[in-house]
Amino acid sequence: MAPAKPEFQWTRRHLLGLEELSKDEIVHILDLAQGFKQISTRSIKKAPALRGKVVVLLFFEPSTRTSMSFSLAAQRLSADVLEFHSESSSIRKGETLVDTARNIEAMGVDIFILRHPATGAPQLLSRSVNASVVNAGDGEHEHPTQGLLDLYTMREAKGRIEGLKVAIVGDIAHSRVARSNLWALTKLGAEVTFVGPPTQLPAGLAECGAKLAWDLDAVLPEMDVVNLLRIQAERQGKNSFPTIREYSRLFGMNAERLARCKKDVLVMHPGPINRGVEITSEVADGPNSAILQQVANGVAIRMAVMYLVAGARGK
Ligand code: CP
């Protein structure tokens with residue numbers, strides 16, 4: 001008889017990226033989120049798990065999905081939530097990120113949720129405050145809760161992650177979503193193929209366990225999941241590709257391309273989508289699209305993450 005699996009002990013006070021997480025840690029978050037998802041189906045969508053805790057959303061870049069779902073997730077667990085908007089704050093008077101966070105922490109804070117254009121900003125913050133820090137997207141580095149909600153959505157739809165063939169399509173070079181997906185998917189046994197213009201496919205990613213491809217039509221028929229990325233215009237220099245129309249012709253998902261895929265292919269996109277560029281409305285709003293399920297699952301994933309880091313005693 002196999003020995004009983006010991007109770008999993010979560011020890012991380014911060015969630016900074018998926019690269020440093022083990023397979024067991026990732027699976028633990030997904031399993032916990034499955035339980036939290038039930039709360040969102042109740043008429044009273046509230047649980048007391050974070051009652052008395054204070055969560056601060058520190059966003060230095062625009063966001064709709066991530067900021068609102070962290071806020072909703074924290075409120076569903078009965079935490080108090082403060083929202084900080086950099087453009088209307090004393091950042092405008094020259095205050096640094098660390099000084100800003102330390103001053104807010106002095107009011108009594110348990111968890112900072114940080115989105116920042118600089119790679120490594122969450123790591124810096126985690127070394128500068130006593131509260132937990134959750135990375136809500138740092139530059140081109142990682143967007144760990146997006147990666148987790150993407151895996152959750154794949155597992156929910158396909159019943160497994162191991163063995164899935166996943167294409168991640170588009171502006172890989174500038175995508176923190178692509179990196180977080182890569183770390184988590186490969187740890188759980190999926191096969192990742194990055195597809196995009198050569199100017200947006202860093203060769204180093206092949207050494208991290210991904211296949212690289214330039215011809216979307218050639219790879220589509222064997223894929224279980226196609227995850228389309230937004231062109232990160234705000235992070236690109238000039239001339240990453242000739243024109244939007246050219247990009248859309250070569251890498252956009254449309255009905256014709258969907259017809260080349262497996263019948264049950266899952267089409268995903270982290271949002272915000274640019275209709276007619278990386279995906280047509282027909283596909284985005286069609287039966288293979290999991291885009292709104294991703295958003296719904298994001299709340300459960302963020303409930304699980306905040307619950308775990310708030311209760312951790314470790315590093
Ligand atoms: N997927 C995502 O991060 O969306 P927002 O930028 O709207 O948060």
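Position 1 is the first residue of the sequence; numbering continues from there.
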statement: So the side chain to side chain donor-acceptor pair (under 3.5 Å) pairs with at least one residue in residues 283-299 (sequence neighbours excluded) are Lys37-Asn297, Asp150-Gln294, Thr153-Asn297, Glu156-Asn297, Arg275-Asp285

- line: On a heavy-atom basis, the closest approach of Asp217 and Arg257 is OD1-NE, 2.8 Å

query: Is it true that Asp31 and Arg155 have a side-chain N and a carboxylate O under 4.0 angstrom from each other?
result: yes

message: Does Tyr307 have more than 12 heavy atoms from other residues, nucleotides or ligands lying within 6.0 Å of its OH?
response: no

- prompt: Hey, what else clusters with Leu125 if you join Ile, Leu, Val, Met, Phe, Trp, Tyr whenever side-chain heavy atoms sit under 4.5 Å?
  reply: Leu16, Val54, Val56, Leu58, Phe60, Leu82, Phe84, Ile91, Leu97, Ile104, Val109, Phe112, Leu114, Val129, Val133

- prompt: Is any side-chain N of the basic residue among Lys262 and Asp224 closer than 4.0 Å to the acidic one's carboxylate O?
  reply: yes

- prompt: Any side-chain heavy atom of Glu191 within less than 4.5 Å of one from Lys211?
  reply: yes

Polar side-chain atom of Glu140 near backbone of Thr119 as donor-acceptor pair, under 3.5 Å: no

Carboxylate-amine/guanidinium contact Arg102 Glu105, below 4.0 Å: no

query: Are the side chains of Lys158 and Asp264 in touch, meaning some heavy atoms are under 4.5 Å apart?
result: yes

task: Would you confirm whether Lys45, through its side chain, and Arg42, through its main-chain N or O, come within 3.5 Å as a donor-acceptor pair?
output: yes

field: Thr66 vs Phe59 side-chain heavy atoms within contact, under 4.5 Å
entry: yes

